[in-house]
Amino acid sequence: MKQVQLLSLELTNFKGIKSFKLEANGGNVKVFGDNAKGKTTLFDGFVWLLFDKDSQNKKDFAIKTLTAAGEEMHNLEHTVEGVFLIDGIQTTFKKIYKEKWTKKRGGAIKEFTGHTTECEVDGVPLNKTEYNKKIEGIVDEEVFKLLTSPTYFNEQLDWKKRRALLLEIAGDVSDEEVIDSKKELAKLNDFLSGKSIEDMKKIIASGKKKINEELEKIPVRIDEINKMTPELTINVEEFKAQVTQLETEIDELKTQKLNVQNGAAVLEKKKQLQEIEMQLADLKRNYEADAKQEVYKLQARVQECQGNLQIVQSKLQQAQSQKQFHENEFKRIQGDIERHGNWKQKLTNDWYQVDGQTFQYEDKCECPTCKQSLPIEQVEAARNEALAQFNENKSSKLAEISQQGKAVAAQIEQLKESLTKTQFEMDSLEIGIDSIRADLTQKQRELEKAQQQLEKAQNSVPDVMQSEEYKSLIAQKESIQGEIEQLEQSAYEVAYDIDKNINDLVAKKQSINAQLAQLANIEANQKRVAELEAQQQQLAEEYEKLEQQTFLIEEFVRTKVDMLNERINSKFKYARFKLFDVQVNGGLAETCETLFNGVPYGSGLNNAAKINVGLDIINTLAEHHGLTAPIFIDNAEAVTKFIDTNSQLISLVVSEKDKQLRVETDPIELKEAI
């Protein structure tokens, strides 16, 4: 196992400590001191030396020493130097934070222009990148913080990361392992079919919801059908026999009527009339045949010209529509360019407004509760923090406005390109429209010419109705029609009586058929009710099947939780972990809460228990990562005895009598445990 031990830690002008050297020599030490005497500052210096942050994982914190008036002391070097024993090899890390003073061109006095950090490893100067790589070669930052602070895991690490780390240490439990652990869970394989438990839960929930929706609808549908179904009792076979008898009587009456209407004399006259009409048609066809051929040809020509004209008109309409579309697009793009220009100008104004903002801060030099004067270093730290926040916000706003301004400028250029392209397309369409209009004029002339030719041909066709032969055939036709009317008049009265009898029989037949149709509707409704009841039973069975699957999945989840808790908790001596919360609906939600003797870390656990539980977690993490590192224990006075650990312990103890930091390298161990 890789071992990192702290031999010494020396702070100079760091966070108010003018000079202090902690001689640990790789062993356990206790540092005693009253409140605000620099115990936590030792831990801050230790973390800053390695990772540029304080013990609370903050990167921006006050390093510089302050005057009694709360002002920063200038021209001081703020130094932290640590000597480590890493797997038996001594290595010295040193970091110096100091001011930069620059003489500007033409000036005689140097001006303060910022800060710089110098780094050394074993006395060799390195830049920040090289220095950080040296640190990374020893240990990962996140792992080191987990191994050096008993509170980091529970108080600074997100619960999801804590949970992932525990699963990494203990190993997750696969679905197959859970199913194999209980015989009754084997049935899960019958319906999972390669799906995950979570996906199957969603499928089952969706299925149950759909079934419930259908089950709620079925009683309503059955009730509606029953309300719409009347009570009707008839003899179906007797009614069908009556319909057959009525149809027979109606057919007989229709035959009688046809015989009356189609008397022999009437049939003969109608045959003569048909022959005369055929003679008239032949006469007209032969009389106009030659002239009509030319008319038909010219009619076809007129239709062709009309079709050509419509095609050109359609092209013109389409081109004009396209031109109108591009004109509208041209106006829209112009409007977009104007709006983007206004937006860009607004962003420019916003940039100058933000850039012109100056830092305004009112120092609060007394406690708002007790009205006592606050420490100067605390007042200055608050001011520095506010200034840093102001500068960061201002830079962020300026960068955001600049980025938006560039984006808007790029959009304006794109819009201008689109405007030029649209103008080109409008010009091209205008040229095309002129060409189509010329073609349209030509097609209109061709149509007018064809129409004139057709009209002339139609006027030249001879009128067959003026011939003597046509007039003679018309006279014969009219004479025969008169004779047919006289013959039919006598049969009209008989046919009228037959129609009346037929109508009476048809009405009776329709009445019987209406009752038969009503009965068929009742039977269909009864069949539909039976189908709905069967569907209701089937849905209930399907729901019961889903309920059984739900029970199996819930049993699976409970089993997996038990197995997972057992596997993870077996890795720790004192700490226990709650990885799931039982919800109101009986489901489980992921969580990660540390417990000691059933008491949650975040509520009810005293400081001593929190520290020892943290040490227990560090022991397991050290074993997992194969690394031990110095552990800084703040507020160590709360613990009378620490649990066993292979790591070096640096205890920071509050001692009111110690107005200067005091170090004990051989602490007395008391017998009382947590």
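FYI, side chains are in, hydrogens and waters are out, and symmetry mates aren't considered; it's all heavy atoms of this structure.
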Would you give the length of the straight line joining atom [atom1] of [X] to atom [atom2] of [Y], rounded to the nearest 0.5 angstrom?
X      : Y      : atom1 : atom2 : answer
Lys39  : Ile17  : NZ    : CD1   : 10.0 Å
Gln353 : Leu398 : CD    : CG    : 11.0 Å
Phe390 : Thr358 : CZ    : OG1   : 6.0 Å

Practice task
Specify whether Phe153 and Phe577 have parallel, tilted or perpendicular ring planes, treating 30° as the upper limit for parallel and 60° as the lower limit for perpendicular.
Solution key: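 Because their plane-to-plane angle is over 60°, the rings of Phe153 and Phe577 count as perpendicular.
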
Modelled atom types, side-chain donor and acceptor of [X] and [Y], under 3.5 Å:
X      : Y      : answer
Gln389 : Asn393 : yes
Lys573 : Asn619 : no
His340 : Gln411 : yes
Thr628 : Ser647 : no
His78  : Lys95  : no
Glu155 : Tyr601 : yes

Practice task
Pick out which of Ile631, Asn28, Leu615 makes a side chain to side chain contact (heavy atoms under 4.5 Å, CB included) with Phe642.
Solution key: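 Option passing the side chain to side chain contact (heavy atoms under 4.5 Å, CB included) with Phe642: Leu615.
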
Exercise for the section: Give me the one residue out of Arg332, Gln334, Gln414 that meets side chain to side chain contact (heavy atoms under 4.5 Å, CB included) with Leu419. Expected result: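 One option only clears the test, and that one is Gln334.
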
Exercise for the section: Kindly indicate, with the supporting measurements, whether the criterion salt bridge (charged side-chain N to carboxylate O under 4.0 Å, His left out) is fulfilled by Asp34 and Lys657. Expected result: CA-CA 7 Å; Asp34 197 2; Lys657 68 179 181 178; over 6 Å; no

Exercise for the section: Please determine which of Thr40, Asp44, Thr151, Thr41 meets the side-chain hydrogen bond (donor to acceptor under 3.5 Å, both in side chains) test together with Ser55. Expected result: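 So, applying the side-chain hydrogen bond (donor to acceptor under 3.5 Å, both in side chains) to Ser55 and each of Thr40, Asp44, Thr151, Thr41, only Asp44 qualifies.
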
Handout entry: Aromatic Phe61 / basic Lys53 pairing, under 6.0 angstrom, 45° off normal
Key =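 Not satisfied by the 6.0 Å and 45° rule.
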
Exercise for the section: Report the C-alpha distance between Asp658 and Arg662 in whole Å, list the side-chain angles of each, state the deciding distance to 0.1 Å, and finish with yes or no for salt bridge (charged side-chain N to carboxylate O under 4.0 Å, His left out). Expected result: CA-CA 7 Å; Asp658 291 297; Arg662 177 172 58 87; 2.8 Å; yes

